[in-house]
Amino acid sequence: MPLMTQSFDLLKLFRVPTGNHELAQAQFAAFSKQIPLLYLILGSNSLAVAYTFRSLAPAWLDIYIPAGLCLLCVLRLAWWLRQRHDIVDGEKALKNLQLTNKLGPLIALCFTAWGLTIYRYGDAYAQGQVAFYVALTVIGCIFCLMHLRSAALAVTLVVNVPFIIFFFQQGQPSLAAVALNMALVSMAMIVILFVYYRDFAKLVESKKTLVEKQAETQALSDENFRIANLDALTGLPNRRCFFAELDRQYGIAIEHGTGFAVGIIDLDGFKPVNDTYGHVTGDRVLIEAGERLYEVCGKEVLLTRLGGDEFGFIVGGEPDEERLLQLGAAISEIIRLPYAIGTSHALIGSSIGVARFPQSAQTPEDLFERADYALYYAKRNLRGHMVLFSESHEEQIRSHGVIEQTLQNADFESEMSLVYQPIVDIHTGRAVAFEALARWDSPSLGSVSPASFIAVAERAGLVRTLTKVLLGKALKAMAAWPGHMRISFNLSAHDISLAESVVQIIALINRSGIDPKRIDFEITETSVHYDFKQARAAVVTFKALGVGISLDDFGTGYSSLSHVHRLPLDKLKVDRSFVTDINSNPASLKIVKSLLALCADMNLTCILEGVESAAQLSTLTEMGCTMAQGYYFARPMPAEHVVSWLESENARTRLQA
Ligand code: C2E
Ligand code: CA
Ligand code: CA
């Protein structure tokens, strides 16, 4: 059995190894360069012998046979030269090698037979030449066949065995010495051949492993890249991908002079859902929102999740305003559809800010900031809709920039003040409270509208400090007022979104000595929307102290009555936009009517803002309104006028009585 395996192994040495295509290809490539050389050596050496024997050997042996053999060499040479530059696949390389493996020894046998046959026609010199011819040619051929061990081995045997036997048979000591010499050199050559071939095969193998390793590393890094750019929850591309794409689109736009748009989507009312139903449900809603958005955006718009309930999108290919508005409308519509949660369902909306390149900004960073501003604008003024960044927003940013700069360095204590506007009981015609309204008299900018600086203070994170300064002033001013007179003080979303600032506000009230029952805090729908759970906690804390809570600007916000039901409110302030056209717009009349009914139903006091004329007042009185505020009664006045205004009011009512 071992003998059989050994003979089997020995035979294997004479076969081209199959199953390693890379090795076959490498062998073939190395080969293509050496084989022409082999035929050149073989052909020219044979011709030299034929030349020497021209007058010694018969023509068939000296001309026809070598001519035939040389023709065979030329044909093979031409074949090898022709496909020298071809890229050959493993299969084909193997086939060619196998052919060479058969052809090589065959050709070698033919030449050896010819050499040994012509030998006997020569004189001593010519015979010596044949000995040299065979010995040197075979060494040359072994060298050239280095990359195909099987062929080299076969050729060595096919040439050497008959050669050595033949020369020994001649009985000439010098020829026997040549034969012995050649046998030794051939053996040495074979050893070298084995070592070389082994190293060559190893090199090819290690190159193959290297390529495989490289491919593995590449695949791994591709996968890492994919994961790093994907949002784990929704499966959408993530924030990192968004900014990479933003840079890419910017590059394309700059190169080709084209445009693109960047959008940010923020879900309205997602936080209450998350707070009420828990994070698992919140996550499910986010996944569904992502799926819906993807449905609308399709493949042409890159949709990503930026984090939390914020999504971003990039529209390439120079989208016009029409296209963007359509996209915005489609997004709003699909997000607004109910989300099934167990047996009930949740409703959320979406505000969208969009900026375009090159119209809105010149750098990717600015573009994103402009889209963010448009979103902020949408959230404050057009909740549930899309806002396209415009020229007027740019102006706002510019002036907001100046305002923010100045506000950062302002001395709130000396530059900020409050004016007070009475809230009047329509039946008695007398003030029951004053709303405190902030005023900023900046040394460099002059007087700045609270509508702008409050928003800027909110964005710059300054509003909590501002609130504390203003509340301190309001509480101080109240000390001079009659004991029954209340104050209505505006709080911003940031004031109630942090437990810490709620505690600070309460401490301020306690220190002032003013009865908390004389205070109402005005909060807006938008501010409770922000973080409903925290807003509710703040409201409950204030209520526990005895402070009243009014919902300001009611009717303008996105949200529904759900907040009114779920917050322990005392008053609703109907936004002045409904009062302004109450006598000309039946819709406004209808809304005010239903809001009054709602307040009566829920036991809330209803205050109508912005009453400017007697006609408006009489309509409101007829409708059953009890409290109002507006220029008709008084414009906001400085603190030092409040007491004298109240005195003149006293005089007026006495006169009327
Ligand atoms: P708001 O809380 O709705 O305040 C009422 C606004 O309506 C005030 O504008 C007031 O001057 C104005 N107003 C009152 N009666 C009439 C009227 O008959 N006709 C018209 N056309 N307007 C009337 P103001 O003082 O410019 O304040 C604007 C907004 O700035 C306020 O709206 C409020 O949201 C905010 N704000 C003012 N002071 C503060 C503050 O101390 N803190 C916070 N967080 N926000 C404030
Ligand atoms: Ca207010
Ligand atoms: Ca208001």
Side-chain angles (χ1 to χ4, degrees), residues 325 329 332 349 351 377-388 390 392-393 396 419-435 437 449-452 454-455 488 490 520 522-526 529 550-564 569 571-602 604-637 645 649 652 656:
L325 289 174
S332 305
S351 298
Y377 188 90
K379 286 231 143 220
R380 271 188 87 97
N381 306 299
L382 277 166
R383 199 167 265 272
H385 296 274
M386 186 183 101
V387 168
L388 205 59
S390 70
S392 71
H393 296 138
Q396 277 170 19
V419 289
Y420 300 87
Q421 186 179 35
I423 297 171
V424 175
D425 178 340
I426 295 178
H427 294 310
T428 61
R430 299 183 64 145
V432 289
F434 282 87
E435 179 178 359
L437 294 159
S449 153
S452 24
I454 295 289
S488 207
N490 294 286
D520 286 308
E522 297 190 7
I523 57 175
T524 62
E525 284 177 80
T526 332
H529 220 97
S550 308
L551 196 61
D552 201 2
D553 302 341
F554 193 69
T556 55
Y558 160 81
S559 87
S560 49
L561 298 170
S562 70
H563 289 150
V564 182
L569 300 170
K571 300 183 177 79
L572 272 184
K573 295 188 78 177
V574 178
D575 191 72
R576 72 163 181 270
S577 56
F578 301 107
V579 177
T580 305
D581 58 1
I582 197 159
N583 286 324
S584 56
N585 184 354
S588 292
L589 189 79
K590 227 170 148 185
I591 291 170
V592 171
K593 221 179 230 166
S594 74
L595 290 179
L596 282 170
L598 172 84
C599 289
D601 210 34
M602 296 187 62
L604 296 173
T605 305
C606 189
I607 303 168
L608 282 120
E609 295 183 314
V611 179
E612 292 184 355
S613 68
Q616 289 168 345
L617 181 62
S618 81
T619 307
L620 291 173
T621 315
E622 268 170 40
M623 289 165 76
C625 170
T626 55
M627 298 277 184
Q629 181 182 354
Y631 293 169
Y632 177 73
F633 305 104
R635 293 203 170 233
M637 60 192 84
W645 186 85
E649 182 193 50
R652 238 181 9 250
Q656 275 165 3

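Worth knowing before you read on, the calculation uses all heavy atoms, side chains too, and leaves out hydrogens, waters and symmetry mates.
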With sequence neighbours excluded, residues passing side-chain contact (heavy atoms from CB on, under 4.5 Å) with [X]:
X    : result
T428 : D425, R430
A597 : none
V579 : L608, V611, Q616, L620

Straight-line distance of [X] [atom1] to [Y] [atom2], nearest 0.5 Å:
X    : Y    : atom1 : atom2 : answer
C625 : K593 : SG    : NZ    : 13.5 Å
S618 : N583 : OG    : CG    : 7.0 Å
E649 : R652 : CD    : CZ    : 5.5 Å
S550 : M627 : OG    : CE    : 10.0 Å
E622 : L617 : CD    : CG    : 10.5 Å
I607 : D552 : CD1   : CG    : 9.0 Å

Nearest non-hydrogen partners of [X] and [Y], listed with the distance:
X    : Y    : answer
W645 : A431 : CZ3-CB, 3.8 Å
S577 : D575 : OG-OD2, 2.7 Å
T626 : C606 : OG1-O, 4.2 Å
K571 : L604 : N-CD2, 4.3 Å

Could you check whether any side-chain heavy atom of [X] comes within less than 4.5 Å of a side-chain heavy atom of [Y], counting everything from C-beta outward?
X    : Y    : value
K573 : I423 : yes
P450 : L437 : no
R635 : V419 : no
Q421 : Y631 : yes
V424 : Y632 : no
L572 : M602 : no
E609 : D553 : yes
M637 : P422 : yes

Exercise for review: Check the pair V387 / H393 against side-chain contact (heavy atoms from CB on, under 4.5 Å), numbers first and verdict last.
Suggested key: CA-CA 10 Å; V387 168; H393 296 138; 3.5 Å; yes
Point to revise | Check: H385 main-chain N/O paired with S351 side-chain donor or acceptor under 3.5 Å | key: no
Point to revise | From CA spacing to verdict: side-chain contact (heavy atoms from CB on, under 4.5 Å), D520, E522 | key: CA-CA 6 Å; D520 286 308; E522 297 190 7; 5.6 Å; no
